[in-house]
Colleague: 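Have a look at this one.
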Amino acid sequence: MIREQGERLLVEGPITMETAAALLDAGRRLCGEVECSAGRVIDLSGVTSVDSAALAVVLAWMRAAKAGGRSLQIEAVPAQLQSLAALYDLSDLLPLGAPRQ
């Protein structure tokens, strides 16, 4: 689930193969269209679990934002997602902010 809180988009629950399609559509809509201002933050502090589908979702959100002339910052990144990004050598491509504390 994604919900707006001011300029932030809060993602809650798992980002896995089972939830990826719905999150992908919701995120593309919010990040790639007029509702998403430049420099928007996606807050992953409510994410409970991830698998490799989470990388695909985040990359798709970035492409949608870029296509709309916008940028994203990803914050409170779960350690699992940081590890997957490193494993797939994507750490330099993703705007992953500080890991979750």
Side-chain angles (χ1 to χ4, degrees):
M1 177 172 118
I2 300 177
R3 63 182 171 92
E4 290 185 276
Q5 186 177 59
E7 291 295 316
R8 302 175 75 84
L9 299 177
L10 304 176
V11 182
E12 298 171 324
I15 306 176
T16 61
M17 298 288 186
E18 291 78 24
T19 63
L23 288 170
L24 185 63
D25 289 342
R28 279 181 174 156
R29 182 178 44 80
L30 292 169
C31 298
E33 297 179 359
V34 294
E35 297 174 38
C36 194
S37 62
R40 192 128 197 204
V41 173
I42 295 182
D43 184 337
L44 300 180
S45 62
V47 172
T48 56
S49 63
V50 300
D51 63 19
S52 59
L55 286 175
V57 169
V58 170
L59 288 169
W61 290 343
M62 288 176 51
R63 283 192 297 272
K66 186 176 180 180
R70 296 164 178 85
S71 63
L72 293 179
Q73 178 66 40
I74 313 294
E75 291 186 355
V77 179
Q80 290 174 300
L81 187 56
Q82 293 275 7
S83 294
L84 286 169
L87 178 67
Y88 291 108
D89 199 23
L90 295 172
S91 297
D92 292 339
L93 297 176
L94 297 173
L96 302 178
R100 187 185 301 171
Q101 297 189 17

Colleague: Is the shortest side-chain heavy-atom distance between Leu59 and Leu90 below 4.5 Å?
Modeller: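 Heavy-atom side-chain distance check passes, below 4.5 Å.
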Colleague: Of all residues at least two apart in sequence or in a different chain, which pass the side-chain contact (heavy atoms from CB on, under 4.5 Å) check with Leu24?
Modeller: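 Leu24: side-chain contact (heavy atoms from CB on, under 4.5 Å) contacts with Arg28, Ala60.
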Colleague: Atom CG in Leu81, atom OG in Ser52: separation rounded to 0.5 Å?
Modeller: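 Rounded to the nearest 0.5 Å, the CG-OG separation comes out at 10.5 Å.
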Colleague: Rounded to the nearest 0.5 Å, what separation is found between the CG atom of Leu84 and the OG atom of Ser91?
Modeller: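 Nearest 0.5 Å value for the CG-OG distance: 10.0 Å.
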Colleague: When Val11 is tested against each of Val57, Ile42, Val58, Ile74 for side chain to side chain contact (heavy atoms under 4.5 Å, CB included), which residue passes?
Modeller: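 The passing option is Ile42.
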Colleague: For Asp43, what residues pass the side chain to side chain donor-acceptor pair (under 3.5 Å) criterion, not counting sequence neighbours?
Modeller: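 Listed in chain order: Arg8, Ser45.
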Colleague: Starting at OG1 of Thr48, measure out to CD of Gln80 and round the result to the nearest 0.5 Å.
Modeller: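 It comes to 9.0 Å.
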Colleague: Could you go step by step and tell me if Leu9 and Val41 meet the side chain to side chain contact (heavy atoms under 4.5 Å, CB included) rule?
Modeller: CA-CA 6 Å; Leu9 299 177; Val41 173; over 6 Å; no
Colleague: What pairs with Thr16 under side chain to side chain donor-acceptor pair (under 3.5 Å), at least two apart in sequence or on another chain?
Modeller: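 For Thr16, the residues satisfying side chain to side chain donor-acceptor pair (under 3.5 Å) (neighbours in sequence not counted) are Glu18.
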Colleague: With sequence neighbours left out, which residue pairs that include part of residues 45-55 fulfil the salt bridge (Lys or Arg N to Asp or Glu O under 4.0 Å) condition?
Modeller: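 Checked against salt bridge (Lys or Arg N to Asp or Glu O under 4.0 Å) - neighbours excluded - no pair reaches residues 45-55.
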Colleague: Has Trp61 got a side-chain atom pairing as donor or acceptor with Leu72's backbone, closer than 3.5 angstrom?
Modeller: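 Not a single qualifying donor-acceptor pair exists.
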Colleague: If Ile, Leu, Val, Met, Phe, Trp and Tyr residues are connected whenever their side-chain heavy atoms lie under 4.5 Å apart, and connections chain through other members, are Val47 and Met17 in the same group?
Modeller: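 Looking at the clustering, Met17 is in a separate group from Val47.
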Colleague: Could you pull out all residues at least two apart from Ser83 that satisfy side-chain contact (heavy atoms from CB on, under 4.5 Å)?
Modeller: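 Scan of Ser83 (side-chain contact (heavy atoms from CB on, under 4.5 Å), adjacent residues dropped) gives none.
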Colleague: Is there side-chain contact between Leu23 and Asp25, with at least one heavy-atom pair below 4.5 Å?
Modeller: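 No, their side chains stay 4.5 Å or more apart.
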Colleague: Once you round to the nearest 0.5 Å, how far does CD of Gln82 lie from CG of Leu44?
Modeller: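 Output value for this atom pair is 9.5 Å.
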Colleague: Name all residues meeting the side-chain contact (heavy atoms from CB on, under 4.5 Å) criterion together with Arg3; count only those two or more places apart in sequence or in a different chain, and write none if there are none.
Modeller: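 Checked Arg3 against side-chain contact (heavy atoms from CB on, under 4.5 Å); matches are Met1, Gln5, Leu10, Glu12.
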